[in-house]
Amino acid sequence: MKRSSVKELLHSDKFLQEIHVKGWVRTFRSNRFIALNDGSTINNIQCVVDFENTNEELLKRITTSAAVSITGTLIESEGKGQKVEIKVSNLEILGDSNPDEYPIQPKKHSLEFLRENAHLRIRTNTFSAVMRVRSTLSFAVHKYFQENGFNYVNTPIITGSDAEGAGEMFHVTNFEANQAPLNEQGNIDYSKDFFGKETNLTVSGQLEAETYAMALGKVYTFGPTFRAENSNTTRHLAEFWMIEPEVAFNDLDANMDLSEDFIKSVLTYVIENCKDDLAFLDNRLAQEEKSKPQAERSEMGLLEKLNFVANNNFKRVSYTEAFDILRNSKPNKKKKFQFPVNEWGVDLQSEHERYLVEKHFKSPVILFDYPAKIKAFYMRLNDDGKTVRAMDVLFPGIGEMVGGSQREERLDVLKAKMAELNIEEEELWWYLDTRKFGTAIHSGFGLGFERLVLFTTGMSNIRDVIPFPRTPQNAEF
Ligand code: 4AD
Ligand code: MG
């Protein structure tokens with residue numbers, strides 16, 4: 001008999017027909033009622049066992065997390081809380097689970113405990129909901145770009161250029177530690193290494209994506225990126241997934257439009273296609289909020305917040321305007337910021353970004369035209385000579401969701417900037433070629449996928465929205 005998913009059965013009204021389903025026992029109560037889940041939905045289907053006519057040994061093996069195969073009849077449920085249930089005619093244990101050893105009990109566990117059991121935490125409602133939303137978001141990302149004429153580009157994970165300056169890199173080498181050959185100067189001789197040069201894990205696919213945008217017009221990457229910063233925060237991972245569109249002939253305004261339209265579009269898709277999971281996560285967040293002091297509670301529920309962002313314009317504010325707002329803000333005057341905002345040109349810290357989005361604007365904000373000194377070498381210099389066409393999209397509860405810019409397309413200006421920062425032209429000869437042969441204005445941005453999942457699911461730690469998080473001192477699994 002064809003096997004149905006729990007999701008299909010819960011939506012079915014073809015009663016009294018024989019059905020077949022496989023899954024894992026979530027709970028078994030009164031020796032009668034199995035709550036069965038197979039991952040297809042957050043909801044369980046109730047399977048009713050005729051315990052009087054079932055062998056006692058078999059009943060004992062129906063424990064939380066046992067894998068079972070069931071055939072039976074789909075009937076309208078008489079019990080509360082569900083529309084349909086299964087009257088079990090045959091039950092087979094596919095895999096036993098010893099209830100004394102199984103760590104995930106049907107009760108509330110702390111997220112810290114579940115993180116240590118990342119291989120099993122996916123069996124909880126919270127994590128299965130988060131990961132289904134994550135999967136749907138990935139699909140929505142590809143759907144958006146594919147439907148808008150973008151080509152998906154796979155940029156290299158191992159890279160020989162480290163000029164991006166986006167963060168500390170992980171070295172990739174085939175040398176044994178302490179046995180690396182040295183050159184005459186006593187430095188490691190990478191010419192003898194696997195690639196014949198020093199290589200690293202990429203921090204961003206942008207520079208390579210730019211070369212592709214100069215031929216394919218509109219491209220995007222969606223892949224893993226790596227940063228070896230020792231940032232132990234709820235917003236940083238050492239391995240995370242980044243989405244980087246790059247578009248020829250787009251200026252910064254078009255780039256801001258793209259980022260806003262893209263984010264709204266994927267959120268709308270998830271709101272429409274993950275109703276059950278989002279309803280669960282909305283409720284979960286509401287419970288969490290209740291345990292916080294009144295002043296710290298968020299003003300909106302999860303769904304309300306997602307709909308708000310999907311349906312309202314992001315505020316667009318220049319760095320200079322934001323600087324003025326921050327300098328004159330209460331926390332700055334009362335010296336409440338850890339990093340005071342006094343001089344134009346200071347880099348904005350996450351406390352400033354959060355003040356702007358959470359307290360001042362109460363909405364996502366796109367900051368643009370940053371001081372050149374605090375941004376990367378490839379950003380286009382404005383006519384004022386001191387700001388660049390950079391943009392960051394800041395989100396409530398998250399801080400920086402997107403970082404991007406219009407790129408410097410003028411060869412002489414780009415070269416001068418590289419010289420100023422001691423970036424060797426030889427190292428980026430291929431990048432400079434794009435400015436020599438048919439250069440054109442172009443723009444792009446990078447969105448940290450886990451930060452988007454964090455916002456969408458209302459979780460508060462980035463380690464809880466990627467299956468197996470990589471952070472300093474932690475690479476289990
Ligand atoms: O602002 P970033 O460093 O920008 C770049 O890498 C550019 N090359 C992107 C581009 O223009 N194509 O990183 C982009 C985004 C950040 O806004 C943030 O959302 C995310 O990547 N991000 C991280 N996410 C998780 N953990 C980390 N350690 C992250 N570092 C950056
Ligand atoms: Mg950034």
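Each ligand, and each atom within it, is numbered from 1 in the order the structure gives. All values derive from a computational prediction rather than experimental measurement.
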Which atom names give the shortest non-hydrogen contact between Arg389 and Phe368, and what distance separates them? NH2-CD1, 4.1 Å
How far apart are the C-alpha atoms of Phe249 and His442, what are their side-chain angles, what is the distance that settles it, and do they pass the ring-ring contact (aromatic ring centres under 6.0 Å, His included) test? CA-CA 5 Å; Phe249 314 116; His442 60 288; 9.1 Å; no
Contact (N/O only, under 3.5 Å) between Met401 and ligand 1: yes
With only distance considered, is Glu400 within less than 3.5 Å of ligand 1 through an N or O on each side? yes
Can you confirm, on distance only, whether ligand 1 has an N/O atom lying under 3.5 Å from any N/O atom belonging to His236? no
Polar contacts were defined as any N/O atom of the residue lying under 3.5 Å from an N/O atom of the ligand; does this apply to Arg407 and ligand 1? yes
Looking only at heavy atoms, the pair that brings Ala440 and Glu409 closest together is O-CB, 3.4 Å
Met131 versus Ile122, closest heavy-atom pair with distance: CG-CD1, 3.5 Å
Give a yes/no answer: is there an N/O/S atom of Glu400 under 2.8 Å from the Mg ion (ligand 2)? yes
Nearest atoms (heavy-atom pairs only) where Asn255 meets Met391: ND2-SD, 3.3 Å
Below 4.0 angstrom from a heavy atom of Arg235, which ligand 1 atoms are there? Numbered from 1 as shown, please. 25 (C), 26 (N)
Examine ligand 1 and decide if any of its atoms is less than 4.0 Å from a heavy atom belonging to Tyr378. yes
Mind checking whether Phe240 has an N or O less than 3.5 Å away from an N or O of ligand 1? no
Under 3.5 Å between any N/O of Gly448 and any N/O of ligand 1: does that happen in this structure? yes
